[in-house]
Amino acid sequence: MALFQVFFTKGWRRTGTVNVVLAYSCAVILLILLLISVSQPNTSLSGSTIVFHGDCNFSTALNLFLHLLVNIVSGGVLASSNFFMQVLNSPSRSEINEAHRWLRSIDIGVPSIKNLQHVSYFKLTSWGIFLVSSIPIHLFFNSAIFHTAYRGSQWHLTIATEAFIKGAPYFPPGASLAPAGAAAPGYEWIETEQQYKPPNYYSYGFDTTTSDQCTGCSYGYGTPVAWSDYLNKSSTIHRNINLVATEAGSWDFLDATSCQTEYLSCKPRTEYGDVVVIIDSDGAAGWTRSEVFDLEPIANITSHWDAVVPPAKMNSLWFSAQCTTKRDPQNTGAMCTNTCIGALGKNHSVFRIQDVPSVQEPWSFAFFPPVRLYNQSLFGEGVILNDTYNDLLVNYCLARPAVPPICKIGVSNILLLVVILSILLKAIQGTIVVWKLSSESLVTPGDAIQSFISNPDLCTQGLGTLHVGDSWQLEYRLRRRWIPNALCDITTSVQPRKWTTKQPRLFSVVNYQNWTQTYTFLLVPLGFLLFGLIYSLTVWGDEISFSLDYSNGFRPLPIEQYHAFISTLLLVNIPQLVLSTCYSVYNAMITRLQVEKEWNSFSQSYQPLRVSNPSGQQVSTYRLQLPYSLSIPLIGVSIAFHWLASSAIFLYIIDGGYLDGESYSNTHLEDVFHVSDSSLITLGYSTGFTLVIVILYLVLIICPPLLLSIQRLKGDMVAGGSNSLVISAACHVINTGTTVRASELTEDNQSSSIRDALLPRAPYFDPSRAENAGNEEKATSLPLVQRKLRWGAMLLPQDAVGLGVFEVGRTVSHLGFGGEEHIVTTPREGDYYI
């Protein structure tokens, strides 16, 4: 068949062609976007392209929207793939006949792994290609678009009088005589280590339980500034302090309480950055060195300080340093480092986030660690502090509004290429299936009914009462070889069966193995999800939040090489693969229940067959087996869950240094994602979105099959609408032209007589209905399978009534499908049927 001709055909080939065209279109559009991406400056196929950088709130919303769009596209592609997989999973008539030779059933109209052992090699191979090509889409498509958050860590602390911001003179490092990186005048600059150390540092012991703090001493405050920089009036530190003195007057006012909340914490610098803490100096413009310290004339300490801080001049500056606030991603106890918190009166720069200092009113603090630690030796030899300046009282603070952070959204070119190749593979394979699949697959039960009525299966003749329970026993119970003339109850003769009226619930007509397998697949992931959520909330101390940043949850992974990054990608996207598997199992169960309801409806009234290629009074199929009112919402549910999963666990990239990425060497990844060396690339999760998934999973996935299955079937009919053996047994239509006399029946010819009665002949027309000419005559002129059918009880032909007499007073009728001319009725309790 020429490929273009399928547009003018009916059935699954036309739907499949539409799916193929859409897949090619999707691949082409994505390929164009990829070509545009790699053509940008400083971009390569192995790297990424930043498509947006700007306001973080907008970028977060845009990121959610783009991932929703990605999941809509991937959901459509995967739905198309599932369409082909179900067609390939559907058997042809010859494949069914081969299975029936061994009394093995094949599922009709529902996705079934069991069918794969019965279909052709071409179908099996094509099915496997569609399956394998779906995996990269699940694992990489969501991560092909990534979001880079920004949380600043750097800020500048200045402690001064109000006169400082009004132009009063100042002399760095300030009246405290503590250079940035030190905590008191006695700290020594170690050139080889580029930092200050307390006096007699190496004589102290170390206590590893306090984050390498030496016992009885204190590290300095802020980023160390070399002593030589204070001697150079044009150095960076002098320029920075001068800039603060000039601009701070226009910064935002914070009272002492708000200032403590903002800066004695582990907050990232998102709202406020640099700060000037204004000290109450009793109206004085500042301090003089001589009134704060008494420097003894030994070891040239006086001349050492005279070079930068004159002894008698008023100094409006107390202390100034560049500070850093970081949160340690390695520590599950949420440890924080604030390098300047000691300058504001606290002993340890490393603390647990839960141990944030309480707010004081009024706010006063001891600046010097020798005062707080009662260790005067930290001042150094020859330095004596005036006790009047043990404590500093804060009036208020002036805080610079933080520069709005810049967040980014990027596209990973290599991951997008993998996705495009996967979609192209699906499109090509779909083309081959539409073009080359020679045997017609029986996709729906209507297709199977039409086939079995037109060409009855001799393996199931006379078994009109066969139901799904019988089929299960044939397939799963232990078999033994039959020996002719053996003493057993096995016979080659057709045996009638007593009918028991029943209207079972849908739950009972589905094999318990199907229920077990379905809910094993559905409940195990839910168990892991609940465990992870509870563990996160109780052990890790997370809170329910829908924020996709550090405040919600992350767990660092050692992404030191590119292969580790790929491993993280797989870990992040495995839930997508699990969700897809759960959806497939869930969809199969919903389809199975829907098939059974449709099958049962044939026992209530005459209905047309729903087939792939309708003719006569037949109707066309839905999207395969499910009606659009069910299939479209189910696809929507799948897309929604995949989108929620992409927001519940994701690749987390944060720049700005707040989350200390120095513990992880993201080798080669900074350039890939266009982030700095201080960035952190790891696994993030959202407790809020996880909770939503749990709730919706229970409501939309776990409960619906159970609620549907408690419905009672309205018709009294054999169960097993998706079982090929049951369908086959119900499709031996009575031939009204057969003549069989009771006197001629013997045990030897009984089966052949029944076979003759059930063989198809020309469509039957009842002359008694001739008055209803026109539509009636036109309808009955159609082959039986093209007319409306009903399942139920039918009398055997008049000349074959003797066939039903097996005991005195017992009449046997036939169960199966028939047309209106067969006068099909509901089976009666206690009657016998074949």
Side-chain angles (χ1 to χ4, degrees), residues 3 16-52 62-63 65-85 125-147 408-435 562-563 565-570 572-574 576-577 579-580 635 638-639 642-643 645-646 650-651 669 672-674:
L3 188 58
T17 303
V18 173
N19 286 333
V20 166
V21 171
L22 291 177
Y24 277 120
S25 301
C26 178
V28 169
I29 292 172
L30 291 177
L31 183 59
I32 292 173
L33 294 176
L34 177 61
L35 293 175
I36 294 174
S37 176
V38 297
S39 65
Q40 301 304 305
N42 302 320
T43 302
S44 65
L45 184 60
S46 61
S48 62
T49 303
I50 299 301
V51 297
F52 173 84
L62 181 60
N63 178 54
F65 171 76
L66 289 177
H67 276 91
L68 177 60
L69 187 61
V70 162
N71 282 283
I72 290 174
V73 172
S74 64
V77 170
L78 294 172
S80 172
S81 179
N82 290 339
F83 172 88
F84 280 107
M85 291 176 70
T125 303
S126 299
W127 187 91
I129 291 174
F130 280 111
L131 175 66
V132 172
S133 60
S134 297
I135 295 176
I137 297 177
H138 286 303
L139 295 181
F140 299 126
F141 204 177
N142 271 289
S143 294
I145 294 179
F146 61 89
H147 178 248
K408 306 171 188 175
I409 292 179
V411 175
S412 174
N413 297 322
I414 188 66
L415 295 185
L416 184 58
L417 176 62
V418 172
V419 171
I420 292 172
L421 293 177
S422 298
I423 296 176
L424 279 175
L425 179 59
K426 287 182 178 296
I428 293 171
Q429 188 60 40
T431 304
I432 295 173
V433 170
V434 170
W435 188 20
Y562 196 81
H563 69 271
F565 163 66
I566 296 299
S567 300
T568 303
L569 277 184
L570 297 179
V572 163
N573 289 291
I574 279 177
Q576 299 286 342
L577 197 58
L579 265 179
S580 184
I635 293 174
S638 173
I639 291 172
H642 281 289
W643 175 68
S646 70
F650 45 88
L651 185 67
L669 295 182
V672 172
F673 293 103
H674 301 275

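Values in this document were obtained by computation on a predicted structure and should not be read as measured data.
- A donor-acceptor pair is defined here as one N or O able to donate and one able to accept, closer than 3.5 Å; such a pair exists between the side chain of Ser422 and the backbone of Val418.
- Proximity of Leu570 to Phe140: side-chain heavy atoms (C-beta onward) are separated by under 4.5 Å at one or more points.
- Rounding to the nearest 0.5 angstrom, the gap separating the CG atom in Leu30 from the CD1 atom in Ile423 is 5.0 Å.
- Checking Asn413 against Thr43 by side-chain atom types alone, no donor-acceptor pair falls below 3.5 Å.
- Side-chain N or O atoms of Ser37 include none that pairs as donor or acceptor with a backbone N or O of Leu33 at under 3.5 Å.
- When all heavy atoms of Ile639 and Gly75 are compared, the pair lying nearest together is CG1-CA, 4.0 Å.
- Residues Ile135 and His138 have side chains not in contact (no heavy-atom distance under 4.5 Å, counting atoms from C-beta outward).
- Of the residues Val411, Asn142, Asn71, Ile145, the one that meets the side chain to side chain contact (heavy atoms under 4.5 Å, CB included) test with Leu66 is Ile145.
- When side chains are defined from C-beta on, Leu22 does not count as touching Ser80, because their heavy atoms never get closer than 4.5 Å.
- Side-chain contact between Phe52 and Asn63 is absent, with no heavy-atom pair separated by less than 4.5 Å.
- Note that CG of Leu139 and CD1 of Ile574 are 7.0 Å apart. Values are rounded to the nearest 0.5 Å.
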side-chain contact (heavy atoms from CB on, under 4.5 Å) for Tyr24 and Ile428? Distances and angles first, verdict last. CA-CA 8 Å; Tyr24 277 120; Ile428 293 171; 3.6 Å; yes
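- Side chains of His67 and Ser646: a donor-acceptor N/O pair is absent below 3.5 angstrom, by distance only.
- Nearest heavy atom pair, residue Val572 against residue Leu651, reads CG1-N, 3.7 Å.
- Using a 4.5 Å heavy-atom cutoff, the side chains of Ser143 and Asn573 are in contact.
- Two residues are said to be in side-chain contact when any heavy atoms from C-beta on lie closer than 4.5 Å; Leu569 and Leu415 meet this criterion.
- Minimum interatomic distance between Phe84 and Gly16 (heavy atoms only, all atoms of both residues): CZ-O, 3.3 Å.
- The line from SG of Cys26 to NZ of Lys426 is 11.5 Å long, rounded to the nearest 0.5 Å.
- Looking at residues two or more places apart in sequence or on another chain, you find a side chain to side chain contact (heavy atoms under 4.5 Å, CB included) between Ser126 and Leu88, Phe122, Gln429, Val433.
- For the pair Leu421/Leu425, no side-chain contact is recorded, criterion being any heavy-atom separation below 4.5 Å from C-beta on.
- Residues Ser74 and Phe141 come closest through the heavy atom pair CB-CD1, 3.6 Å.
- One distance of note links OG1 of Thr49 with CD1 of Ile409; it measures 13.5 Å at 0.5 Å rounding.
- The OG atom of Ser133 lies 8.0 Å from the CG atom of Leu131; values are rounded to the nearest 0.5 Å.
- For the pair His642/Ser580, a side-chain contact is recorded, criterion being any heavy-atom separation below 4.5 Å from C-beta on.
- Considering all non-hydrogen atoms of both residues, Ile635 and Ala79 come closest at CD1-CB, 3.9 Å.
- Minimum heavy-atom separation, Phe146 to Ser412: CE2-N, 3.9 Å.
- Annotation: the span from Ser81 atom OG to Trp127 atom CH2 amounts to 10.0 Å, rounded to 0.5 Å.
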